[in-house]
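Reviewing the structure listed below.
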Amino acid sequence: KQKESTTPLLRFLPQNASVIIKINNLTKLKSELKNNDFLKPLASTTNYDHILGRLKALEYVQSDTSGILAFTEIDSVKSEFIYTSHKPLRFADTDKETNTTIEAVTFEGRTYSRYEIEQSTFFSIELDEHIILGSSLNLINAIINNANLTEIDPVLNSLFQTSNMDKSASIYLNLEQSNWMGDYILNQDSSIQFSGFADWVTFDIEPSQDYLKLNGISIADDLTKNFLSLFKDTRPSPGNLITKMPAKTDAFISFSFDNYDVFAQNQKDYLEAAFKRDSVFNTVEEIGILFVENKKAVILSTYGAENITQFLEDKSSNNAIYMGRETFELNSNKFLYDYFNPMLKEFNARYYTILDNTFIFSEDIEALQDIIQANSSGTTFDKSMLFETARKVLADESSIVFIDNKKGMENILKMHCTKELFTDFSKTPASNYIFAGQIVSDANFYHTNIIIQKKYKEKVRNSISALFRVELD
């Protein structure tokens, strides 16, 4: 049962905190992250130092009690952290460190402990039943002064009450306050933005040696413009894209809905457009974007092909036969963007073919031929080890789902992320992992799961049980 009272620790949050981590057991969390095979190589990378380097303080903290870690943006290039915990909280023996300084400092009538350990500076103070640590003395002091005046976001408070206390930690992302994360992660030309995707995203964190699982929900307020609102009042369709995609697909993302008319109205509201949508594509259930050998293709899965087939005939010129399948060249391709913006951007469809009730578009004829060949030979994605691993950790139906291998992730990082992040990724054992995620629309919220999972080996394929599965009504 959800509690109605405000969690006391939330009183000590900065007003503009963008990343908040509720830590149920700090010692356990540090051990889990330290033993994760994928994360280990990242500890020495540039982005780790930029984002997490200021958290050196927590390496010396020992606590089995709950606490809250928050990041807040100071300016476009700097963020600060604050960690508030219930007592007791202990520091490891720092006397063994060669570069350690501990001293008492007084600021605005309060006495703080100032620590310098391995070129990392932080402050701490005991306050009633709490202990507060932070990278900025001004930030800690301001939070203490405003603790009884702080107005807690009701959505955040509700999310806190429903988090899984059995997990070592839960993370809460305020995407409207997340610009500083984008500065570290995204390049200037990226079409991806954290803000505008949802209002809040929360995950329970579950690391193990072979995987990192983030299992939670996203919240998108009806009064704000969010990408997830495109799927409001829809449910996922079963979809069949995986049976049409080549087994050698490096990455794909798909979007599905059970009612095109509802989606089209949501799309109209999102784009703030005045157009009146016709019924040409009203049988579409799933939209997929896939990357095969650096080539891009788009697949539309439908439950009826007649109207779309006639529509495309009027926009086609030359046709050819490849392995018994007819392919067409388009003389107009703006319609994909017009009908499926904002999902389909930066895609110049020039060719298409039809497989059953599925329409496949590509930018070059070779990509289309690869897909036709895979379907003719039966070497489709649903028979790949990449999918075999992913299907055991994802729900069967998703409003949004993506699955990538190392090459697929590298292509995405090149397109959207900083060079530093791409370099950091190359230091991980990514070739042994899959990268997957899904969002499932539900009443007033969206189930949200992300996983980095070591690939299953052929000999144990049938003996591995699902790591998690979202239950659909």
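Residue numbers run from 1 in the order of the sequence given.
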[X] versus [Y], closest heavy-atom pair with distance:
X	Y	value
Asn444	Ile219	O-CD1, 4.2 Å
Ser256	Pro236	OG-CA, 3.6 Å
Pro238	Glu397	CG-OE2, 3.8 Å
Ala17	Ala70	CB-CB, 4.2 Å

Check: [X] side chain, [Y] main-chain N or O, donor-acceptor pair, under 3.5 Å:
X	Y	value
Ser441	Thr234	yes
Thr309	Ala305	yes
Asn36	Tyr211	yes
Asn319	Thr327	no
Ser190	Leu186	no
Asn375	Lys244	yes
Gln438	Ala395	yes
Glu176	Trp200	no
Asp258	Arg235	yes

Atom pair [atom1] ([X]) and [atom2] ([Y]), whose distance is rounded to the nearest 0.5 Å:
X	Y	atom1	atom2	result
Lys40	Leu42	NZ	CG	12.5 Å
Leu173	Ile171	CG	CD1	4.5 Å
Phe263	Phe257	CZ	CZ	4.5 Å
Lys22	Leu10	NZ	CG	8.5 Å
Ile434	Arg391	CD1	CZ	11.5 Å
Leu241	Thr380	CG	OG1	12.0 Å

Do [X] and [Y] have side-chain atoms, one donor and one acceptor, less than 3.5 Å apart?
X	Y	answer
Ser66	Asn24	no
Asn405	Asp250	yes
Asp442	His447	yes
Tyr352	Ser316	yes
Asn411	Asn294	yes
Gln310	Asp314	no
Thr72	Glu80	no

Are any non-hydrogen side-chain atoms of [X] and [Y] less than 4.5 angstrom apart?
X	Y	value
Ser195	Phe197	no
Ile321	Arg325	no
Ile68	Phe12	no
Tyr446	Phe231	yes
Phe381	Leu386	yes
Asp404	Ile412	yes
Val201	Leu175	yes

Heavy atoms from other residues, nucleotides or ligands near NZ of Lys419 exceed 12 (cutoff 6.0 Å)
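No, not enclosed.
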Might you work through the ring pair (Phe, Tyr, Trp, His ring centres under 6.0 Å) test for Phe340 and Phe255, ending with a clear yes or no?
CA-CA 10 Å; Phe340 300 107; Phe255 313 90; 10.0 Å; no
Would Lys296 and Asp364 pass as an ion pair if we require N to O under 4.0 Å?
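No salt bridge links Lys296 with Asp364.
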Would Lys454 and Asp210 pass as an ion pair if we require N to O under 4.0 Å?
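Yes, Lys454 and Asp210 are salt-bridged.
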Give the intermediate values and the outcome of side-chain contact (heavy atoms from CB on, under 4.5 Å) for residues Leu413 and Leu421.
CA-CA 8 Å; Leu413 292 174; Leu421 188 60; 4.0 Å; yes
Classify the angle between the aromatic ring planes of Phe335 and Phe361 as parallel (below 30°), tilted (30 to 60°) or perpendicular (above 60°).
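Taking Phe361 first and then Phe335, their aromatic rings stand perpendicular (interplane angle over 60°).
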Working for ring pair (Phe, Tyr, Trp, His ring centres under 6.0 Å), residues Tyr260 and Phe281:
CA-CA 8 Å; Tyr260 176 83; Phe281 288 94; 7.5 Å; no
Mind listing the side-chain donor-acceptor pairs of residues 283-293 below 3.5 Å, one per line with the distance, residues two or more places apart or on another chain?
residue	atom	partner	partner atom	Å
Thr283	OG1	Gly304	O	2.7
Glu286	OE1	Asn240	N	3.3
Glu286	OE2	Ser254	OG	3.1
Glu293	OE1	Lys407	NZ	3.2

Could you go step by step and tell me if Leu156 and Leu13 meet the side-chain contact (heavy atoms from CB on, under 4.5 Å) rule?
CA-CA 11 Å; Leu156 175 61; Leu13 284 179; 3.7 Å; yes
Applying side chain to side chain donor-acceptor pair (under 3.5 Å), run through Thr224 and Asp199 and close with a yes or a no.
CA-CA 8 Å; Thr224 56; Asp199 294 306; 3.2 Å; yes
Could you walk me through whether Val155 and Leu159 pass the side-chain contact (heavy atoms from CB on, under 4.5 Å) test, one step at a time?
CA-CA 6 Å; Val155 176; Leu159 293 174; 4.1 Å; yes
Is the NZ or CZ atom of Lys225 positioned over Tyr270's six-membered ring, under 6.0 angstrom from the centre and within 45° of the axis?
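Lys225 over Tyr270 ring: yes.
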Side-chain donor-acceptor pairs under 3.5 Å in residues 341-351, sequence neighbours left out?
residue	atom	partner	partner atom	Å
Asn341	ND2	Tyr337	OH	3.4
Asn348	OD1	Asn333	ND2	2.5

Please lay out, stage by stage, how Phe328 and Ser317 fare under the test side-chain contact (heavy atoms from CB on, under 4.5 Å).
CA-CA 7 Å; Phe328 304 87; Ser317 52; over 6 Å; no
The test is ring pair (Phe, Tyr, Trp, His ring centres under 6.0 Å); show your working for Phe435 and Phe425 and say whether it passes.
CA-CA 12 Å; Phe435 306 85; Phe425 182 79; 5.6 Å; yes
